[in-house]
Amino acid sequence: MQIDTNFDAGNIIVEDITDQTAVLSIRPDSNAKFYQWFYFRVIGTPGVTRTLRIANAGSASYPSAWPGYEALASHSEHDWFRVPTRYDGTNLIIEHQAAEKTTSYAFFVPYSAERRERFLKECEASPLVGRQQIGMTLQGRPLDLLVVGGGNQASKIVWIVARQHAGEPMAEWCMEGLIRRLLDPGEDVAQQLINKATLYLVPNMNPDGSTGGNLRANAAGVDLNRAWNDPQQNAPEVVVVRQLIGETGVDFFLDVHGDEERPFIWLVGPHPTNVTPESDRAQQAFERMLAEQYVELQPRPETSPAPSRPDSGMSVDYVAANFHCPALIIELPFKATTGASGQRDSLLASGCMNFGRSCLEALNTLM
Ligand code: ZN
């Protein structure tokens, strides 16, 4: 059995391989202690059960994410499926009889830099969109912004950012679905929204961390979604987006994430002291519209920590406090979900894309 990670978003350290058993560990984020994201490729004998034991799982950033979690695997990098996975309190153990010689395993369906570039090029070809490279990351990757709409009557400003946390690729799947619908001339809802609003879209806030196989941090080890109050030079991604939001203003703000622990979608608002009654009504209406369509959307869990502080450094707190507009985090799950029609794993890549499409409808209603 051979294991490698030398590709976009790859992350695993091979501690030992004996016959059909590999002992692995997840590499912490660049310059930070966070870790949970894994993505590696195994070349081995098909038809024989292999055991892949991630020995440092118990000390990962969210150890409570492992019970009930099943890893994803693929022979094609295109179609991903769950594989038998268990957690013994210390080790995350994948036992899989691969049907083919080469199999990739990941924490969630990866969204690659290559796909992002191909998709952004596709967007560029649309007359509806302007693509701007608004800045550079610490490792010299461009930070891309898409601007859609802004016709004569457009008066509202919508900002949507995604994947501040690198190891949450569901956020970028969601963005792709949302943007594809927005640019589809056959979609009435998109046309209506574009006539009312200008949309500023950042599909990936953290390209360095994404390519580096990080869970949360950028290249300097900064958790971008704690840096909005005082972004330093080691968070240029937030500096530039914050500056642009200051220039354009904002009437509705969304920040798309992934949640390691809960097998459902949930929305997080800013600290209550940052929320105006009007924003609160709009946030609740947005949530209600999506909950009507998605059995997978549940109320914010009671057990989750109370919103930390009004000046948490999270994007939603910064935006709500400074612009007094609705601001929501969308948390999409890593764990398997069941859709309305009983469909298992309803929120893998295509499910997340569909959810992004639905967000557009709710936004259109509220503009
Ligand atoms: Zn996140």
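Count residues from 1 along the sequence. Hydrogens, waters and symmetry mates are skipped; everything else that's a heavy atom, side chains included, is used. Counting convention: from 1, in listed order, for ligands and their atoms alike.
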Checklist entry - If the Zn ion (ligand 1) is the vertex, what is the angle to OE2 of E168 and ND1 of H165, rounded to 10 degrees? => result 100°
Checklist entry - Heavy-atom count around Q293 CD within 6.0 Å, excluding the residue itself: above 12? => result yes
Item to check | Presence of N, O or S from E331 under 2.8 Å of the Zn ion (ligand 1) | outcome: no
Next on the checklist: For N/O/S atoms only: which one belongs to H257 and is nearest the Zn ion (ligand 1)?
Outcome noted: ND1
Checklist entry - Hey, are T18 and T21 close enough side-chain-wise for a donor-acceptor pair under 3.5 Å? => result no
Next on the checklist: Between W266 and Y294, is the ring pair (Phe, Tyr, Trp, His ring centres under 6.0 Å) condition met? List the steps.
Outcome noted: CA-CA 11 Å; W266 54 295; Y294 285 87; over 10 Å; no
Next on the checklist: Between the side chains of R115 and E176, is the shortest nitrogen-to-carboxylate-oxygen separation below 4.0 Å, so that they form an ion pair?
Outcome noted: yes
